[in-house]
Number of protein chains: 2
Amino acid sequence: MNKNQALKIYREYNEKILAYYLVLSTTGFDRLTIAPSGGAAYRNKMCSIIEGELYQLQTSKEYADAVLYLSAQDLGEVGNRDISLAKKSLEEVLKFTKEETMEFSLALMNSYDAWLKAKTGEDYSIFKPHLMKLIELSKIRAKKRDAKKDPYDLLLDDYEEGMNKKKYDAFFSLIKKELLPLIKKIDKKKDLIDDSFLYKYYPAEKQAKFMEEIKKYLGFTSDWGYMGLTEHPFTNGFSKNDVRVTVNYDEHNVTAAIYSLVHECGHAFYEHQVDAKYDKYPFLRNMSSGMHESQSRFFENYLGRRKAFFRKLYPKLQELFPENLGNVALDDFIRAANVSKCSLIRTEADELTYPIHILIRYDLEKDIFAGKADLDKLDELWDEKYEKYLGIRAEKPSDGILQDVHWADASFGYFPTYALGSAIGAQLFHKMKEDLDVDALLEKGQFKKITDYLHKNVQHDGALYTFEQFVKRATGEDFDPHYYIDYLKEKYKGLYGVK
Amino acid sequence: MNKNQALKIYREYNEKILAYYLVLSTTGFDRLTIAPSGGAAYRNKMCSIIEGELYQLQTSKEYADAVLYLSAQDLGEVGNRDISLAKKSLEEVLKFTKEETMEFSLALMNSYDAWLKAKTGEDYSIFKPHLMKLIELSKIRAKKRDAKKDPYDLLLDDYEEGMNKKKYDAFFSLIKKELLPLIKKIDKKKDLIDDSFLYKYYPAEKQAKFMEEIKKYLGFTSDWGYMGLTEHPFTNGFSKNDVRVTVNYDEHNVTAAIYSLVHECGHAFYEHQVDAKYDKYPFLRNMSSGMHESQSRFFENYLGRRKAFFRKLYPKLQELFPENLGNVALDDFIRAANVSKCSLIRTEADELTYPIHILIRYDLEKDIFAGKADLDKLDELWDEKYEKYLGIRAEKPSDGILQDVHWADASFGYFPTYALGSAIGAQLFHKMKEDLDVDALLEKGQFKKITDYLHKNVQHDGALYTFEQFVKRATGEDFDPHYYIDYLKEKYKGLYGVK
C-alpha cells in the first residue's frame, strides 16, 4: 500500500460512512420531531439494523488497514489531525461486536421513547429501567474501551478532548467558591425585578411567528437551515448547508423558546461555517461539545441577553403580544430576561445560576460512575442536590430528573461542557468586544459581522484544534475561567446592586 | 439448502432490505418536505450511495439463491404469491449494474429538485433537460429489462400487474365515447352553478386547522399518521403504524387541499390496514397503484364529494371562514364542490373531466415510448392535447406540463392507474352501498364503519391478489368499467339537468 492508495481507500470508505450517517441522522431527526409513535418499535429495530451495516463498514479490514497505514505517515497538519481522530474512532468502534453495537443503539432509541412518555406523563418509573440499563451498559462499555482508565474520565474526554475529573473539579470548585455566595445574596433580593409579564399566556402559534423574526435577524435562512419542534431542543448538522435546530414552546414562558432558538442557532452557525475545504477530512467536522457550547451559549447569553440584541427585535415581539408587553419598556423586558433566581429547569436558568445546574449533574454523574450513588434513588438524589445547592426541590419529575434528554441518550459526561463552553464563550466575548463594537452591530441588525467574526476566529477550522488551542488562537491567551467568573460577577452585582 | 434454511436467509435479507427502505424513505420524505435546498447536492449523492449499498444486498448470491430455490417450492397461497413477486423483483434488479442503479437514483433526485425550481419559477427549460434524460434512461432501461416487450406495456404492467396498452386503449375508448359528449354538453351550461365562493381568499393557516377536523373525522390519528407539506401531495407508508401524507395549500381554492388530504388518506388507510400477518411477507405490502388509487379516489370522490360527508364537517369550515362561507348553505357548497368544467389542473379536476386529464397523459406517454412524440416540444404537445380534448390551453407551465411530479420521478405508466383506480372504486362503491347505509354513516360521523368495511373487503389482504381478483372477491363480479361510466353519467346528468 502506498499513501495515495491508502488515501483513496480512506476517502471512499468515509464517503460511504458519511452516507450512512446522513440517512441515520435524518431518520433520527424525523423520529424526534414528527414520526408517529405507533411506528417506533419497527423503526427503532430497522435503524439498529442499519447501524449494524455501518459497523461492518467501519470495521472492515481494508478500511482499518488504510487508517493504520496513514496514521504512520505525515499528511500535514490538517491530514494528521484528521487521521489521528479517525484512528481513535476506529479503535473505539473495534472494542465492540456488531451485535453489541446494534443492541446499544436500539437501547438508546427505546430509552428516548420511554423518557418522552415518562416526562409527558410525569411518571419516572416508565423511564427508570431504561436509565438503569443505560448506566450499566455505559459502565460496561467504558471498561471494555479502557479497563485502566477511570470510566467517567473516559466519558468526559469523549465530549471534550483533554478534560477529566481533576480539571473539572478545579473548574467547578472555582464556580462554587466564587458564585455560590453571590447567588445567595441575590436570592434574598429576588423580588427586586418584576418579570411576571414573561409568564403570562403566550400562544405557541404567535411565538412561532417571532421565531421567524429571530431567524431573519440571525441570518439562519431556509436555504441551509430548518427549525422543527421537539420536547427537548437540539441541533443536528447534516451537512454544511443542511443544519437542523428544534425548539419547544412553553405557553407560559415567552423567553424559553426565544433563548432555545438563539442557543441552537449558535450551534447551527458553527456547523454551517466550517470551511468547505474540510469536507475531505471527515473527522474535522466533528467539533467538540465544549467548543460547540461555547458558540451556542455565546449566542444565547453574551449576545442574546443584551439590550442591543433586542433593539430591533423587541418592537416585533410587542406587536405580537400587545396585551402582555405593550406597556413594558425594552429596559424592563431586558432586566426581566436577566433575572437571577434559584430555579429548577436548567435550560431556562439565568446565566449566574446556570453553572450550578451543571455542577449538580456533574456531581451526580461522578457518583454514578464511581459507584457511590444509590441508583435506585437517583430521582431523589437529584432533588436533594437541588435542595443543597439552590434551596429548592422539584414537585414533579419533569422539573427534576426527567427534565433533560441527555441521560436518555446515554450522554453521560456531556453536561460539564455546557459550563466549560460558557466559560470559553466568556473569554471569546471579552476579546470580541475589544475587536468589534458589538452593541452597535447588534443595534443596527448587522449580525452578519458577528457571525463573520466567529467564522474567522473560531468556526472555520472545524475540529482542527483542541479547545485550549482554539482559545489561544482566538484570544492570544490561555484558557482562563476567570473571564467567566468576572463577567458573571460584574453583570449580576450591577443588576442587583449588591457587592 | 432446504426450505427452512432458504426461508431463514430470505427473511434475514428482507429484514435488512426493509431497513434500507425505511431510512431511504425517511430521507426521501424529509427531502420532499423540509430539507434545506442548500444541502441537496450532498444529500442526493449520499442517498445514491445508500441505494448502491441496498443494491449489493438485493443482488447478493446468497439471497438470489434462496429466492430461486423457494420459487420452486410450494409455500402455500400467501408464500407462493410473496415469492413470485420477490423473484420478479430480483430479476429486475439484476438487469442493472450497481453503478447504473446509483446513477438512476441520483438522476431521479436531481430531476425532482429541478422540477420544483422550474415549477415555482415558471420556467420549463430548467426541468426540460432532466425530463429528456429520464425519458431516455427509461427507454434504455425498459429495453434492458425485456428487449422483446413493448417498453410502455412493460411500464404499465409495473404499476398495475396485467395491464397493457391494449387493455387501456379499450378502457379509454369507452371513456372517450361515453363521457366526452356529456362533458361537451355540460360545458355549455358551465355557469349554471355558482362556485365563485370556493375561490375567495382562504389563508393557509386557517385551512390547516380544517385539515385537523378532516383527520379527526376520518380517523387519521397521530399515533400512526403524519401530515406534511409538499408542492405535490403524496402518501408514503413507512410501516403499518407510520404512514405519511402531504398536502399543499392554494389560498385561492378552498377545496384543493381538502380533497388532496381526503385522497391521500385513502392511500394512508390502505397502508395502515394491511393485516400484521403479512409482515412476514415483504412483497405483500407493495400494493399495486391501481388498487391504491381505487382507495384514494374512493375517499376523495365516492365519499368525499357527498353531501353526507360534509354534514358534520361543513359547519366547522363555515366557522373558520365566516366571511366566505357564512351565507353559503351546505347544499350550495356541495353543488359547487361538484361543478364540472374543462380545467387545466388534474388534481383539482371534477370527477367527470378527470379521466380526460388521464387520457391526455396516457396518449402522450404512449407517443413518447413509441417514438412518435417530438420530445423537443413536449410542453407544446401537452397544451395541444388539452386544446383538443378540453378546449383550453395552459398559459403558464405550472398549469401545463409542470403541474405533475410524476415525470420528474420517471413514473411513466403511473397516470393510467388513476383512471383505472377510479373505475375500480366505482364498482366497489356500488357494492358498498348495497351492504351499508353509507350516507347515514357519513352523516353520523361513523367513518370507522366505512374503513372497517374497506379493511375487511379489500385492504387487509395487501397485495395478495391482482386487481381483477380483488374486484371479484369484493363484489362477486368481474371488473366492469361500466359502473364508473354509469355513476358519472347519472351523477352529472342529474346535477346539470341534461340528458
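Below, read A as the first sequence line, B as the second, and so on, with proteins coming before strands; counting in each chain starts at 1.
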message: Run B:R31 and A:T26 through side chain to side chain contact (heavy atoms under 4.5 Å, CB included) and show every step you take.
response: CA-CA 9 Å; B:R31 184 168 73 80; A:T26 309; over 6 Å; no

query: Out of B:T221, B:I34, B:V243, which one racks up the most heavy-atom pairs below 4.5 Å with chain A?
result: B:I34

field: Flag side-chain contact, heavy atom, 4.5 Å: B:E53 against A:V23
entry: no

query: Looking at CZ of A:F238 and OG1 of B:T27, how far apart are the two atoms once the value is rounded to the nearest 0.5 Å?
result: 8.0 Å

- request: Measure the spacing between CG of A:L22 and CG of B:N44 and express it to the nearest 0.5 Å.
  value: 10.0 Å

task: Please flag which part of B:Y20 lies under 4.5 Å from any non-hydrogen atom of chain A: side chain, backbone, both or neither.
output: both

message: Within the supplied structure, the quantity of interest is the number of heavy atoms (other residues, nucleotides, ligands) at a distance under 6.0 Å from A:K209 NZ; does it exceed 12?
response: no

- request: Can you check whether anything in residues 109-120 of chain B gets within less than 4.5 Å of chain A, heavy-atom wise, and list it by number?
  value: none

Crowding at NZ, A:K8 (>12 non-hydrogen neighbours, <6.0 Å): no

- prompt: In Å, rounded to the nearest 0.5 Å, how long is the span from CD1 of A:I50 to CG of B:L24?
  reply: 8.0 Å

- prompt: With a 4.5 angstrom heavy-atom cut-off, which part of B:E15 approaches chain A: side chain, backbone, both or neither?
  reply: both

message: To the nearest 0.5 Å, what is the distance between OH on B:Y42 and CG on A:D242?
response: 10.0 Å

- prompt: In terms of heavy-atom pairs under 4.5 Å with chain A, which of B:K240, B:E205, B:R43 leads?
  reply: B:R43

task: Step through the shown structure and confirm whether more than 12 heavy atoms of other residues, nucleotides or ligands are within 6.0 Å of NZ on B:K280.
output: no

NZ/B:K215: more than 12 non-hydrogen atoms of other groups inside 6.0 Å: yes

- request: Look at B:G52, B:A41, B:P36 and state which one has the largest set of heavy-atom pairs under 4.5 Å with chain A.
  value: B:P36

